Amino acid sequence: MANSTSASLKLTVQTTGENSGTWGQITNTNLLILEQAIGGYGAFGVTNASRSLTFTNGAVSNGKDQVIKLSGTLSANVNVTMPDSVEKTYLVEDACDHAGYTLTFKTTSGTGIALCEGHTYVLWSDGTNVYKGQELKKWRAVTAAETVQAGAQLAVNTNGGGVTITLPASPSLGDEVSFIDQGYDFDSNALTVGRNSSNIANAGSDLTVNTQGAAFTLVYSGDATTGWTYTEK
């Protein structure tokens, strides 16, 4: 029988007696692939085109890294894809400036996970889709209008004038966006929360926040009439 290849890390599975004189090199390459999967780090720039992670048979390749850092300023909605049928766990840092666009980590044919700017994730694939095991959220200072992703935690500073933050499009039950008045200026320069076609607290209008020192979280209720609602009153 000839050598075969493992399903996920694409290791070379050697058949006894098949690799006379070369088995040592094949074994060393397999060990390097295992080292990459356990502790490998890869940094990838993403801007306006989807990027495919590679899983080359019997070779070190970028999809086999354990840790992946994504960076760059998006100018379009972007997917980072891994092959179907590969089972793998990743630690992924989204260090991109989304500039209002979406960044999704997914299998080729799956729906995947929409990442939030500045957050770090434990993601895993069952060979069909990518799922979120854990998300480390970070507060991010904002001084200008932007459209944000689910999970965003925003310290909004309106010292230089009012700011509009637009909620994610097509939200899902449990999606959250949090706000704080970083400079205690909402009373003079209001925060506007753009509803992006979803209701906010049972109303089909944007939310104006003009209370000094306001701090609150909106969660999507899953009900179209209610839309986004408050996690606290």
Side-chain angles (χ1 to χ4, degrees), residues 46-48 70-80 92-106 111-121 132 135-233:
V46 291
T47 54
N48 62 356
L70 303 172
S71 61
T73 299
L74 304 186
S75 57
N77 295 334
V78 173
N79 295 325
V80 176
V92 178
E93 179 186 0
D94 179 2
C96 295
D97 179 347
H98 282 219
Y101 295 100
T102 60
L103 177 60
T104 303
F105 197 100
K106 61 189 291 294
T111 55
I113 297 296
L115 305 183
C116 182
E117 182 175 338
H119 293 189
T120 299
Y121 298 83
K132 179 171 65 177
E135 179 179 4
L136 174 62
K137 297 180 179 181
K138 297 181 181 179
W139 285 94
R140 184 167 57 87
V142 177
T143 59
E146 65 173 270
T147 299
V148 298
Q149 304 83 43
Q153 296 185 153
L154 307 172
V156 185
N157 194 311
T158 62
N159 179 262
V163 173
T164 297
I165 301 297
T166 302
L167 295 169
S170 304
S172 299
L173 173 64
D175 284 351
E176 290 185 349
V177 178
S178 298
F179 305 85
I180 61 172
D181 181 2
Q182 185 188 51
Y184 270 53
D185 294 309
F186 284 1
D187 56 332
S188 54
N189 297 309
L191 164 69
T192 299
V193 180
R195 68 190 191 92
N196 207 354
S197 300
S198 296
N199 284 357
I200 301 177
N202 219 41
S205 57
D206 294 343
L207 175 66
T208 300
V209 183
N210 53 18
T211 301
Q212 186 181 45
F216 62 100
T217 297
L218 293 175
V219 59
Y220 190 71
S221 67
D223 179 86
T225 301
T226 303
W228 297 87
T229 190
Y230 301 96
T231 61
E232 61 279 307
K233 292 292 187 181

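Starting from 1, each residue takes its place in the sequence as its number. Here the structure is a predicted model, which means the values were calculated and not measured.
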Problem set entry | Gln212 side chain to Tyr184 backbone, donor-acceptor under 3.5 Å | yes
For this session: Of all the heavy-atom pairs spanning Leu154 and Val142, show the shortest one and how long it is.
Result: CD2-CG2, 3.7 Å
Exercise. Can you name the closest pair of heavy atoms from Val193 and Phe216 and give their distance?
Worked result: CG2-CZ, 4.4 Å
Problem set entry | CD1 on Ile113 to OG1 on Thr104, rounded to 0.5 Å | 9.0 Å
Exercise. Going by atom types only, do His119 and Glu135 share a side-chain donor-acceptor pair under 3.5 Å?
Worked result: yes
Problem set entry | Check against side-chain contact (heavy atoms from CB on, under 4.5 Å), Val80 and Phe105 | CA-CA 5 Å; Val80 176; Phe105 197 100; 3.9 Å; yes
Exercise. Would a distance-only check, ignoring hydrogens and angles, find a side-chain to backbone donor-acceptor pair under 3.5 Å from Asp206 to Arg195?
Worked result: yes
For this session: Could you check if a side-chain atom of Asp187 sits within less than 4.5 angstrom of a side-chain atom of Asn210, using non-hydrogen atoms only?
Result: no
Check residues 172-179 and write down every donor-acceptor pair under 3.5 Å in which the side-chain atom is one partner and the other belongs to a residue at least two apart or another chain.
| residue | atom | partner | partner atom | Å |
| --- | --- | --- | --- | --- |
| Asp175 | OD2 | Ser172 | N | 2.8 |
| Ser178 | OG | Thr217 | OG1 | 2.7 |

Seminar exercise, completed: For Cys116 and Tyr121, the nearest pair of non-hydrogen atoms, with its separation, is N-OH, 2.7 Å
Problem set entry | Polar side-chain atom of Asn48 near backbone of Ala76 as donor-acceptor pair, under 3.5 Å | no
For this session: State, with a plain yes or no, whether a side-chain heavy atom of Cys96 is found less than 4.5 Å away from one of Val46.
Result: yes
Donor-acceptor pairs under 3.5 Å, side chain of residues 155-166 to any protein atom, not counting sequence neighbours: which ones?
| residue | atom | partner | partner atom | Å |
| --- | --- | --- | --- | --- |
| Asn157 | OD1 | Asn159 | N | 2.9 |
| Asn157 | ND2 | Gln182 | OE1 | 3.0 |
| Thr158 | OG1 | Asp185 | O | 3.4 |
| Thr158 | OG1 | Asn189 | O | 2.8 |

For this session: Using the side-chain contact (heavy atoms from CB on, under 4.5 Å) rule, take Asn202 and Thr225 through it: C-alpha gap first, then chi angles, then the decisive distance, then the call.
Result: CA-CA 6 Å; Asn202 219 41; Thr225 301; 3.2 Å; yes
Problem set entry | Close side-chain approach of Asp94 and Val92, heavy atoms under 4.5 Å | no
Exercise. Is a donor on one side and an acceptor on the other found under 3.5 Å between the side chain of Tyr220 and the backbone of Ser170?
Worked result: no
For this session: Evaluate the side-chain proximity of Asp97 to Glu117: yes if any heavy-atom separation is below 4.5 Å, no if none is.
Result: yes
Exercise. What is the minimum heavy-atom distance between Ile180 and Phe186, and which atoms define it?
Worked result: O-CZ, 3.9 Å
Exercise. Is the side chain of Ser221 donor-acceptor paired with the backbone N or O of Gly227 at a distance under 3.5 Å, no angle test?
Worked result: yes
Exercise. Atom CG in Asn199, atom CG in Leu207: separation rounded to 0.5 Å?
Worked result: 12.0 Å
Problem set entry | Close side-chain approach of Val78 to Tyr101, heavy-atom, < 4.5 Å | no
Exercise. Do the non-hydrogen side-chain atoms of Pro168 and Trp228 ever get within less than 4.5 Å of each other?
Worked result: yes
